[in-house]
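What follows is one structure encoded as structure tokens, with my remarks underneath.
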Amino acid sequence: MVSMSSATDQLNDTHLHQVRTRILDWYAQNARKLPWRQPDTTAWGVLVSEVMLQQTQVARVWEPWLAWMQRWPGPAELAAAEPADVLIMWGRLGYPRRALRLHETAKAVVEHHDGVLPADPEKLLALPGIGEYTAAAVSSFAFGIPEVVIDTNVRRVHARIFTGDGAAAPSLTAAERRLAATLMPETTTEHGVAQANTWNVATMELGALICTARAPKCQECPVLDQCAWVAAGKPEPTTVAKTQSWNGSDRQVRGAIMGVLRAQGAIDVVHLQATVEATGRLGRHVPEDTQWNRALNGLVADGLATLKHEVLALPGTEN
DNA sequence: AATACGGGGCT
DNA sequence: AGCCCAGTATT
């Protein structure tokens, strides 16, 4: 394993320039024509795509993004929507709290930014559901501000090419931020700024299409002969992220309840029992009372479900 | 620094 | 049966 400091030490201008050029050229030839990359996409549309893409793959976001933008083209339209409709429209994208945060952001943009999404990454960061990655991504992709964009793809690509590791560390480190900043093209000219923004998306694209987490397509990689990880014989990653269990988890139960609520066309839990009985079952996993109540109370507390009337009997909770 | 938080697709 | 995914917020 090569340490981060020695990796940056061996970065000479020629090597870095070649890596940049090859990845930028590769992107020019291989970029996917994603709907949110169309030139007429608004900054708001870019934000919507980025929020949907948080922990959700491109293939699953494609159609929902199109339908969403058709229904709510801008922050004003979304701000005027009912939270229940927003959650139902979110569908099965996962992590439905993202939909709620996006709705809150739309309202904040209307209220505090004259209905115009700000370009400043710090202002974006202050909006709900927008963190370090999304703020930088929207600034760079939608507004052409050369922020350093670091997502899971970028981290893996940098780790392999420059550090020689098969995978990035479990969480983003200061060393990774420094390296990523060092790798950005100079932004002293207008052309440099444009190149820096393309560098951001090109590195992400390389990670998504070629330098994938499992079974990377190294034979098709434009920087195969400049990759520190390949040069080291592609050693297996030392750190393996532990996977969170799913079967029987609260998340599974919460997700199943949300599925029933979407199917009934309303997020109020008053009719939940009737819906569950009418549709047969909640899912494969039948929760115990305590877990059912914990999940339901959690959803209500999170604003993902509403309790407009007192619920007299929930499935399995009648005494 | 750890943990909670969906859901589906791929190996 | 794991592993992974254009992360964020909370503890």
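Below, chain A is the first sequence line, B the second, and so on; all start at residue 1.
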(Q) If you count heavy atoms of other groups shown closer than 6.0 angstrom to CD of E77(A), is the number above 12? (A) yes
Q. So what does L93(A) hit on the nucleic acid, given a heavy-atom distance under 4.0 Å: a base, only sugar-phosphate, or nothing?
A. base
Q. With a 4.0 Å cut-off on heavy atoms, is L34(A) in touch with a base, just the backbone sugar-phosphate, or nothing at all?
A. base
Q.
Does R32(A) reach a base, just sugar-phosphate, or nothing at all? Heavy atoms under 4.0 Å.
A. base
Q. Relative to the 5' end of DNA chain B, which residue comes earlier, D250(A) or A215(A), by the nucleotide with the nearest heavy atom?
A. D250(A)
(Q) Can you tell me how the ring of W65(A) sits relative to the ring of W36(A), calling it parallel under 30°, perpendicular over 60° and tilted otherwise? (A) perpendicular
(Q) Taking the minimum atom-to-atom distance to the side chain of Q55(A), which one of dG6(B), dA6(C), dA9(C) wins? (A) dG6(B)
Q.
Let's test your reading of the model: under 3.5 Å, does the base of dG6(B) pair with the side chain of R251(A) as donor and acceptor?
A. yes
Q: Carefully, step by step, assess I130(A) and L47(A) under the rule side chain to side chain contact (heavy atoms under 4.5 Å, CB included).
A: CA-CA 9 Å; I130(A) 300 183; L47(A) 171 63; 3.6 Å; yes
Q.
Checking contacts here: which listed nucleotide (dC5(B), dC5(C), dG7(C)) is nearest the side-chain heavy atoms of Q54(A)?
A. dG7(C)
Q | No-H, no-angle donor-acceptor pair, R60(A) side chain to dG7(B) base, under 3.5 Å | A | yes
Q: Quick one: label T134(A) by what it contacts on the DNA or RNA (base, sugar-phosphate, nothing), any heavy atom closer than 4.0 Å.
A: sugar-phosphate
Q. Should we count CG of D114(A) as having more than 12 external heavy atoms under 6.0 Å?
A. no
**Q.** Between P of dG7(C) and CG of L124(A), the distance in whole Å
**A.** 17 Å
Q. Which comes earlier along DNA chain B counting from the 5' end, the contact point of S171(A) or that of G255(A), where each point is its nearest nucleotide?
A. S171(A)
(Q) Heavy atoms only, 4.0 Å cut-off, all strands: where does W90(A) land among base, sugar-phosphate and nothing? (A) nothing
Q. What integer distance in Å separates R155(A):CZ from dC4(C):P?
A. 13 Å
Q: Check every strand shown and say whether A137(A) touches a base, only sugar-phosphate, or nothing at a heavy-atom separation below 4.0 Å.
A: nothing
Q: For T56(A), report the nucleic acid contact type (base, sugar-phosphate, nothing); a contact means any heavy atom under 4.0 Å.
A: base
Q.
Measure CD/E132(A) against P/dA6(C) and give the value in whole Å, please.
A. 17 Å
Q: Quick one: label G94(A) by what it contacts on the DNA or RNA (base, sugar-phosphate, nothing), any heavy atom closer than 4.0 Å.
A: base
Q.
Nearest whole Å is fine: how far is dC3(C) C1' from W246(A) CH2?
A. 15 Å
Q | C1' atoms of dG6(B) and dC5(C), separation to the nearest Å | A | 12 Å
**Q.** Rounded P spacing from dG9(B) to dT8(C) in Å
**A.** 24 Å
Q: Please state how far atom CH2 in W65(A) lies from atom P in dA6(C), giving the value in whole angstrom units.
A: 18 Å
Q) When you compare dC5(B) with dC4(C), how far apart are their C1' atoms, in angstrom units rounded to a whole number? A) 16 Å
Q) Nearest nucleotide by nearest heavy atom, which residue falls closer to the 5' end of DNA chain C, V201(A) or R214(A)? A) R214(A)
Q | Candidates dC5(B), dC5(C), dT8(C) - which lies nearest the side chain of A213(A) | A | dC5(C)
Q. Within the structure, does a side-chain N or O atom of R262(A) lie under 4.0 Å from either OP1 or OP2 of dG7(B)?
A. yes
Q) Do R251(A) and Y95(A) have side chains that get closer than 4.5 Å, going by heavy atoms? A) yes
Q: For side chain to side chain contact (heavy atoms under 4.5 Å, CB included), just list the numbers for H158(A) and T163(A), CA-CA rounded to whole Å, side-chain angles, deciding distance to a tenth of an Å, and then say yes or no.
A: CA-CA 7 Å; H158(A) 289 176; T163(A) 313; 5.7 Å; no
Q: Using atom CG of L209(A) as one end and atom C1' of dA6(C) as the other, report the distance to the nearest whole Å.
A: 12 Å
**Q.** OP1 or OP2 of dG7(C) under 4.0 Å from side-chain N/O of R98(A)
**A.** no
Q. Taking atom P of dA6(C) as reference, at what distance in whole Å does atom CG of N200(A) sit?
A. 15 Å
Q: Measure from CG on L206(A) to C1' on dA6(C) and round the result to the nearest Å.
A: 14 Å
(Q) If you count heavy atoms of other groups shown closer than 6.0 angstrom to CZ of R294(A), is the number above 12? (A) yes
Q: For R97(A) and for R156(A), locate the closest nucleotide of DNA chain C by heavy-atom distance; then report the residue assigned to the nucleotide nearer the 5' terminus.
A: R156(A)
